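Here the structure comes first, spelled out in structure tokens, and everything after it is commentary.
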Amino acid sequence: MRDRIRLALVLPDLLGTYGDRGNVIVLAQRLKWRNIDSETVTVLSSADSVPESCDLYLIGGGEDVAQVAAVRFLRRGRGLRSAVDRGVPVLGVCGGLQVLGTSFVTGDGKRHEGLGFVDADTEPGEGRAIGEVTTQSTLMGVGMLTGFENHLGRTAVGGDSRPLGRVVRGIGNGHDSAEGAVRGHVVCTYMHGPVLARNPRLADLLLEWAIGEPLEPLPDPPELRALRAERSRPHVRNRK
């Protein structure tokens, strides 16, 4: 077992909307409960580049201008790309999905290249996807995922990437009932919440990838079990 896990919170000053920085707090606490030390490395846009020596990277959501600036910064060095090439896990949420994807279109109609870590192309949708979203995960052992989406993007996943889940409730990517994107150990989603607070099995899978071995399971608190049960129920619209 590793003595210390380094968690990288990437560009929270640019990509930190909807409490996405809470994901690193969840990971650190789940490690602490297992008596594993962790260190959070915060990478701000004033830094030279992203270090390649961390064990897990987290990227949150942001607006168009922030996403363009984030891509420009992340291309400055090879730290994140080197980590991905080694199989280090990365979680991208909402705008982070688009930054890690192949391309995205901003509100002015311009298309921007992403980092290409997942094969995901994003264009603006006709209406905003906002509200609860529930998906059945494609990741083994993760099961049902729940979260809160708030985005305009419609994302098509292709190539050697696959959706993170299949939508049961909500909009998700807006293509083929898909939600999020996965390639290797890069996991992307439109789910806020923070997503790892609401989905501890996903949090533990990322940690297992970072550590390189299985973790002892932890019991879910009753409040979380109740929330997941309520959010996982089929959505029935009221009839007039």
Side-chain angles (χ1 to χ4, degrees), residues 1-47 49-63 66-67 69-70 73-74 77 79-84 86-100 115 117-118 139 142 145-150 164 180-182 184-212 215 218 220-221 224 227:
M1 183 72 70
R2 302 277 293 278
D3 292 334
R4 179 183 294 267
I5 300 299
R6 301 185 79 214
L7 306 170
L9 182 60
V10 181
L11 302 180
D13 53 338
L14 293 177
L15 302 172
T17 58
Y18 303 112
D20 291 331
R21 68 173 60 213
N23 287 315
V24 76
I25 298 173
V26 172
L27 293 172
Q29 183 60 55
R30 295 187 73 79
L31 288 168
K32 184 177 180 180
W33 283 333
R34 294 177 168 102
N35 297 314
I36 302 172
D37 291 336
S38 68
E39 174 190 359
T40 297
V41 178
T42 302
V43 182
L44 299 176
S45 58
S46 57
S49 61
V50 178
E52 62 177 274
S53 57
C54 294
D55 301 300
L56 200 160
Y57 295 78
L58 300 108
I59 302 175
E63 302 300 326
Q67 288 179 207
F73 173 85
L74 293 170
L80 185 59
R81 185 168 295 278
S82 296
V84 169
R86 296 198 319 274
V88 175
V90 178
L91 175 68
V93 179
C94 199
L97 183 162
Q98 298 179 22
V99 166
L100 295 174
L115 298 177
F117 294 159
V118 292
L139 296 173
V142 171
L145 295 169
T146 76
F148 184 84
E149 59 182 348
N150 186 356
L164 170 62
V182 177
H185 287 171
V186 179
V187 176
C188 300
T189 181
Y190 277 114
M191 292 186 181
H192 300 287
V195 63
L196 298 185
R198 293 179 58 163
N199 301 283
R201 291 186 188 89
L202 178 58
D204 283 352
L205 179 61
L206 292 169
L207 289 174
E208 288 178 350
W209 287 346
I211 293 170
L215 294 170
L218 296 172
D220 292 340
L224 179 59
L227 173 66

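Values reported hereafter were calculated over all heavy atoms of this structure, with side chains retained and with hydrogens, waters and symmetry mates removed. The shown structure was predicted, so the numbers you read here are calculated from the model rather than taken from an experiment.
For the side chain to side chain contact (heavy atoms under 4.5 Å, CB included) with V195, the lone residue among D20, L91, L145 that qualifies is L91.
Counting only heavy atoms from C-beta outward, the side chains of L196 and L202 approach each other to under 4.5 Å. Contact annotation: the side chain of V50 approaches that of F73 to within less than 4.5 Å [non-hydrogen atoms, C-beta and beyond]. Proximity of V182 to V118: side-chain heavy atoms (C-beta onward) are nowhere separated by under 4.5 Å. Residues L115 and L80 have side chains in contact (heavy-atom distance under 4.5 Å, counting atoms from C-beta outward). The side-chain heavy atoms of L27 and S38, taken from C-beta on, include no pair separated by under 4.5 Å. Between L206 and L58, the closest side-chain pair of non-hydrogen atoms is not below 4.5 Å.
Checking side-chain atoms of H185 against main-chain N and O of G87 turns up a donor-acceptor pair under 3.5 Å. Side-chain atoms of R30 do not come within 3.5 Å of backbone N or O of L218 as any donor-acceptor pair. Proximity of a side-chain donor or acceptor of E208 to a complementary backbone N or O of L215 within less than 3.5 Å is detected. Put simply, the side chain of T189 never gets that close to the backbone of G180: no donor and acceptor are under 3.5 Å apart.
Taking both residues in full, the closest heavy atoms of A197 and P200 are given as O-CD, 4.3 Å, listed atom of the first, atom of the second, then distance. For V142 against R201, the heavy-atom pair with the smallest separation is O-CD, 3.6 Å. Taking each heavy atom of V43 and S49 in turn, the nearest pair found is CG1-O, 4.0 Å. The heavy-atom pair separating I59 from G96 by the smallest distance is CG2-CA, 3.9 Å. When all heavy atoms are compared, the tightest approach of C54 to V88 is O-CG1, 3.7 Å. When all heavy atoms of S53 and R6 are compared, the closest pair comes out as OG-NH1, 2.5 Å.
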Exercise. Check step by step if side chain to side chain contact (heavy atoms under 4.5 Å, CB included) holds for N150 and T17.
Key: CA-CA 11 Å; N150 186 356; T17 58; over 6 Å; no
Quiz item: Run the side chain to side chain contact (heavy atoms under 4.5 Å, CB included) check on L7 and L9 step by step: do they pass?
Solution: CA-CA 7 Å; L7 306 170; L9 182 60; over 6 Å; no
Practice problem: Starting from the C-alpha separation in whole Å, work towards a yes-or-no answer on side chain to side chain contact (heavy atoms under 4.5 Å, CB included) for L100 and Y57. | Solution: CA-CA 12 Å; L100 295 174; Y57 295 78; over 6 Å; no
Practice problem: For L139 and L164, run side chain to side chain contact (heavy atoms under 4.5 Å, CB included): C-alpha distance rounded to whole Å, both residues' side-chain angles, the deciding distance at 0.1 Å, then the answer. | Solution: CA-CA 7 Å; L139 296 173; L164 170 62; 3.5 Å; yes
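In this structure, CZ on R86 lies 5.5 Å from CD on E52, to the nearest 0.5 angstrom. Note that CD of Q98 and SG of C188 are 10.0 Å apart. Values are rounded to the nearest 0.5 Å.
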